[in-house]
Amino acid sequence: YGLPEAFRATLAGTTTRTTDSAGQASYTNLALTGAAGDYALIFAAPGFVSVASAPVTLGAMLPSPTHSTIQAVPGSVTAGGSSSITVTVRDSFGSPLAGIQVTLTATGTGNTLTQPPGPTGTNGQATGALSSTVAGTKQVSATADTVALAAVATVVVTAGPAVPAT
């Protein structure tokens with residue numbers, strides 16, 4: 001209806017129904033997603049005047065600890081090398097969340113952990129990096145705003161080649 005993208009929501013489910021003998025239609029599986037705010041559903045049929053619903057309020061979605069993911073690429077590096085750590089923050093419906101601050105943590109010693117430079121983008125992703133001078137298996141975890149994510153990425157750091165003594 002000509003509204004700017006920031007004021008639109010997405011309606012999913014079965015959006016077309018036939019009225020019953022009393023002229024009523026029931027909708028049982030609709031889902032409305034979009035930015036937090038108030039929206040109205042508009043009901044229209046050919047030959048009839050359109051009507052709008054009472055306001056429907058969408059609240060801000062929170063990061064889901066179980067639908068969000070953490071990925072390390074590559075999953076194995078030589079000591080001193082770097083692995084890119086990408087966190088995808090999703091809500092409980094699996095939709096990406098933008099504007100979420102991500103903080104990375106890693107197990108082990110000798111690590112240099114580069115935090116994502118800003119919040120998640122429209123794809124729900126924020127990317128940082130892990131490098132380490134100490135060989136071992138590193139577990140990288142993340143917090144999205146204040147929510148600890150269940151996913152963990154593993155980076156295996158192997159010893160570099162031996163350097164001959166001079």
Side-chain angles (χ1 to χ4, degrees), residues 1-75 82-107 111-131 138-155:
Y1 288 118
L3 295 173
E5 191 65 34
F7 296 106
R8 290 189 221 158
T10 301
L11 183 63
T14 305
T15 58
T16 303
R17 292 280 190 209
T18 302
T19 58
D20 62 19
S21 60
Q24 297 178 344
S26 296
Y27 295 85
T28 58
N29 69 339
L30 297 179
L32 187 64
T33 58
D38 289 337
Y39 295 89
L41 300 177
I42 299 173
F43 299 90
F48 293 90
V49 175
S50 297
V51 295
S53 70
V56 176
T57 302
L58 293 181
M61 295 302 293
L62 298 175
S64 167
T66 56
H67 286 86
S68 301
T69 59
I70 305 172
Q71 183 178 21
V73 177
S82 182
S83 179
S84 177
I85 310 297
T86 300
V87 177
T88 304
V89 180
R90 298 183 183 281
D91 64 20
S92 60
F93 298 105
S95 300
L97 292 177
I100 304 295
Q101 190 63 45
V102 171
T103 304
L104 303 173
T105 57
T107 61
N111 300 334
T112 300
L113 199 54
T114 303
Q115 297 296 329
T120 57
T122 56
N123 61 359
Q125 295 184 338
T127 301
L130 170 72
S131 63
K138 314 294 179 165
Q139 301 291 323
V140 182
S141 56
T143 301
D145 281 346
T146 60
V147 177
L149 304 184
V152 174
T154 300
V155 178

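These numbers were taken from a predicted model, which means no experiment stands behind them.
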- Item | Side-chain heavy atoms of V51 within contact of I42, under 4.5 Å | no
- Item | Residues forming a side-chain hydrogen bond (donor to acceptor under 3.5 Å, both in side chains) with T127, sequence neighbours excluded | T86
- How many angstroms lie between atom OG1 of T146 and atom CD1 of I100, to the nearest 0.5 angstrom? 9.5 Å
- Message: How close do V155 and A72 get, counting heavy atoms only, and between which atoms?
- Response: CG2-CB, 3.5 Å
- Task: Can you measure from NZ (K138) to CG (N111) and round to the nearest 0.5 angstrom?
- Result: 4.0 Å
- S83 side chain to P74 main-chain N or O, any donor-acceptor pair under 3.5 Å? yes
- Any chance you could measure L104, atom CG, to S141, atom OG, to the nearest 0.5 Å? 8.0 Å
- Message: Taking the side chain as everything from C-beta on, heavy atoms only, tell me whether T112 gets closer than 4.5 Å to L130.
- Response: no
- Check the surroundings of atom CZ in F93: do more than 12 heavy atoms from other residues, nucleotides or ligands lie under 6.0 Å from it? no
- Query: Considering only heavy atoms from C-beta outward, does the side chain of L149 approach that of V87 to under 4.5 Å?
  - Reply: yes
- In Å and rounded to the nearest 0.5 Å, what is the CD to OG1 distance from Q101 to T120? 8.5 Å
- Message: Checking S64 against S92: is there a side-chain donor and acceptor pair closer than 3.5 Å?
- Response: no
- Note on the structure: From the list T122, V89, T88, side chain to side chain contact (heavy atoms under 4.5 Å, CB included) partner of L97 resolves to V89
- Kindly give the heavy-atom pair with the smallest separation between V140 and I85, and that separation in Å. CG1-CG2, 3.9 Å
- Any luck finding a side-chain donor-acceptor pair between T103 and Q115 under 3.5 Å? no
- Item | Closest contact, heavy atoms only, H67 versus R90 | O-CD, 3.3 Å
- Item | Rounded distance (nearest 0.5 Å) linking atom CZ of F43 with atom OG1 of T15 | 10.5 Å
- Within the side chain of R17, is there an N or O that forms a donor-acceptor pair under 3.5 Å with the backbone of S26? yes
- Okay, side chain of N123, backbone of Q125: is any donor-acceptor separation there less than 3.5 Å? yes
- Task: Start with the C-alpha gap between L58 and L32, add the side-chain angles, then the distance that decides, and say whether side chain to side chain contact (heavy atoms under 4.5 Å, CB included) holds.
- Result: CA-CA 8 Å; L58 293 181; L32 187 64; 4.1 Å; yes
- Taking every heavy atom of V102 against every heavy atom of A142, the minimum-distance pair comes out as CG1-CB, 4.2 Å
- At their closest point, which heavy atom of D20 faces which heavy atom of A22, and how far apart are they? OD1-N, 2.9 Å
- Task: Identify the heavy atoms of A52 and A40 that sit nearest to each other, and give their distance.
- Result: CB-CB, 4.5 Å
- Query: Between atom OH of Y27 and atom OG1 of T16, what is the distance when rounded to the nearest 0.5 Å?
  - Reply: 7.0 Å
